[in-house]
2 protein chains.
Amino acid sequence: MAKGDRKWRDRFRKHGLRFTEPRRVILEVLSDTIEHLSAEEIYMKVHKKHPNIGLTTVYRNLYTLERMGIVTKFHFGDGCHRYELIESNKKPDHHHHLVCTGCKRIIDYDDFMDEEIEYIKKVEKALSRKHSFHITDHVIQFYGICKKCKAA
Amino acid sequence: MAKGDRKWRDRFRKHGLRFTEPRRVILEVLSDTIEHLSAEEIYMKVHKKHPNIGLTTVYRNLYTLERMGIVTKFHFGDGCHRYELIESNKKPDHHHHLVCTGCKRIIDYDDFMDEEIEYIKKVEKALSRKHSFHITDHVIQFYGICKKCKAA
DNA sequence: TTTCTTGTTGATAATGATTATCAATAATAA
DNA sequence: TTATTATTGATAATCATTATCAACAAGAAA
Ligand SMILES: [Mn+2]
Ligand SMILES: [Mn+2]
Ligand SMILES: [Zn+2]
Ligand SMILES: [Zn+2]
């Protein structure tokens, strides 16, 4: 087992789960990309090097990874869910999205997070108080037209 | 034709479309609710008084209404889309959402819009500049546990 | 090691939401 | 009236996602 895999192994173990080959490969695919892949797309990448791993297994494990807090599932308005590693060395940790309604490109950003975090904290506090609502998460997405689509 | 319907009629006409009975009924259902209904749920309400109107027609017209800028389609994480009149006398005009992950309740809010609008404007401007991205819309949703679910 | 228990997988079938087809019908224009 | 075009409802089809289930593999117990 590769060195870095030890960490994953332990993490799965803590949940009473096993660190299997399909899981390793799925995590590899997610770690290697900057994109926001759908289950199908992840499956295709997995399939190239490991044609024996099935689509069902991909779906199942994405759900597992979600429950473990390793990946997040998004919905950007095309007909499917898209997955992203929560901690990746290819992306900012917590970030929001710009979604181009033209070409469906998704842009990660975290460069105005100071203001955003401040705002979010404020709103969360006020909303929690007013509606007795315990906020655990949020989704912030801006839709519009990207550079390339504007030019075209 | 009822008085208020004249306005709708004209609005459809401007798009080269006709103000039909199914469309009238769908708009009626959307106007009368405070909820965030799915196509299926809208169909059920429509069906009660007009059993001849089909589900396909509901879907088709929701799409039409969306393109006309009369309704918005949301996705709150359960398996379907939910529709809301953009201008309603039962709801704040532009608003954001609190989504309870326990009971799936959706709470509209617009009571911190001053801060939010200010923040959104700022971020939009900065993002537009930095990524040459023309922002036309946004989605802001807070997820968490509502009052009732907390108590239970 | 052998056995036992339990998590995991892949193939397949099933589901559920949404769309495409298409012939019949209704509204508008000519 | 006639011609044109929009709309509808029934039906079948699609697409993403889940449920089933028997075969398999990892880890624990003996
Ligand atoms: Mn992202
Ligand atoms: Mn709402
Ligand atoms: Zn684009
Ligand atoms: Zn709740």
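Here is the naming used below: chain letters follow the sequence lines, and residue numbers restart at 1 for every chain. Hydrogens, waters and symmetry mates play no part in the numbers below; they use all other heavy atoms, side chains included.
- Contact record, B:Tyr109 with B:His97: CE2-N, 3.7 Å, taken as the closest heavy-atom pair.
- One interatomic measurement links the two molecules: CG of B:Leu17 to C1' of C:dT28, which rounds to 13 Å at whole-angstrom precision.
- Counting to the nearest Å, the C1' atom of C:dA17 and the NE2 atom of B:His75 are 10 Å from each other.
- Heavy-atom minimum distance, A:Tyr43 versus A:Leu55: CE1-N, 3.3 Å.
- Atom pair B:His15:NE2 and D:dT7:P shows a separation of 12 Å (rounding to whole Å applied).
- Put simply, A:Thr20 has no side-chain N or O that comes within less than 4.0 Å of OP1 or OP2 on D:dA25.
- Remark: P of C:dA17 and OH of B:Tyr83 are 12 Å apart, rounded to the nearest angstrom.
- Atom CZ in A:Arg82 sits about 15 Å away from atom P in D:dC15, given to the nearest Å.
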What does the list of N/O pairs under 3.5 Å between the protein and nucleotides 27-30 of chain D look like, with a distance for each?
residue, atom, partner, partner atom, Å
D:dG27, OP1, A:Arg9, NH2, 2.9

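- Remark: B:Arg24 engages B:Glu21 in a salt bridge, criterion side-chain N to carboxylate O under 4.0 Å.
- Using a 4.0 Å cutoff on non-hydrogen atoms, the parts of residues 35-60 of chain B near DNA chain D are B:Asn52, B:Ile53, B:Gly54, B:Thr56, B:Thr57, B:Arg60, ordered by number.
- The two atoms that bring B:Val29 and B:Lys45 nearest to each other are CG1-CD, 3.8 Å, heavy atoms only.
- Contact annotation: the side chain of B:Lys104 never approaches that of B:His36 to less than 4.5 Å [non-hydrogen atoms, C-beta and beyond].
- The closest side-chain heavy-atom distance from A:Thr20 to A:Phe12 is not below 4.5 Å.
- Nucleotide C:dA27 holds its P atom 10 Å from the CD atom of B:Glu21, rounded to whole Å.
- Taking the side chain to side chain donor-acceptor pair (under 3.5 Å) definition, one finds that A:His138 meets it with A:His94, A:His96, sequence neighbours left out.
- One side chain, B:His95 or B:Glu84, offers a donor N or O that lies under 3.5 Å from an acceptor on the other.
- At a cut-off of 3.5 Å, with distance as the only test, no side-chain donor of A:Glu115 or B:Tyr119 sits close to an acceptor on the other residue.
- Summarising the geometry, the separation between NZ on B:Lys14 and C1' on C:dT28 is reported as 18 Å, rounded to the nearest angstrom.
- If you take CG of B:Leu62 and P of C:dT19, they are 10 Å apart, rounded to a whole angstrom.
- The phosphate of C:dT18 has OP1 or OP2 within less than 4.0 Å of a side-chain N or O from B:His81.
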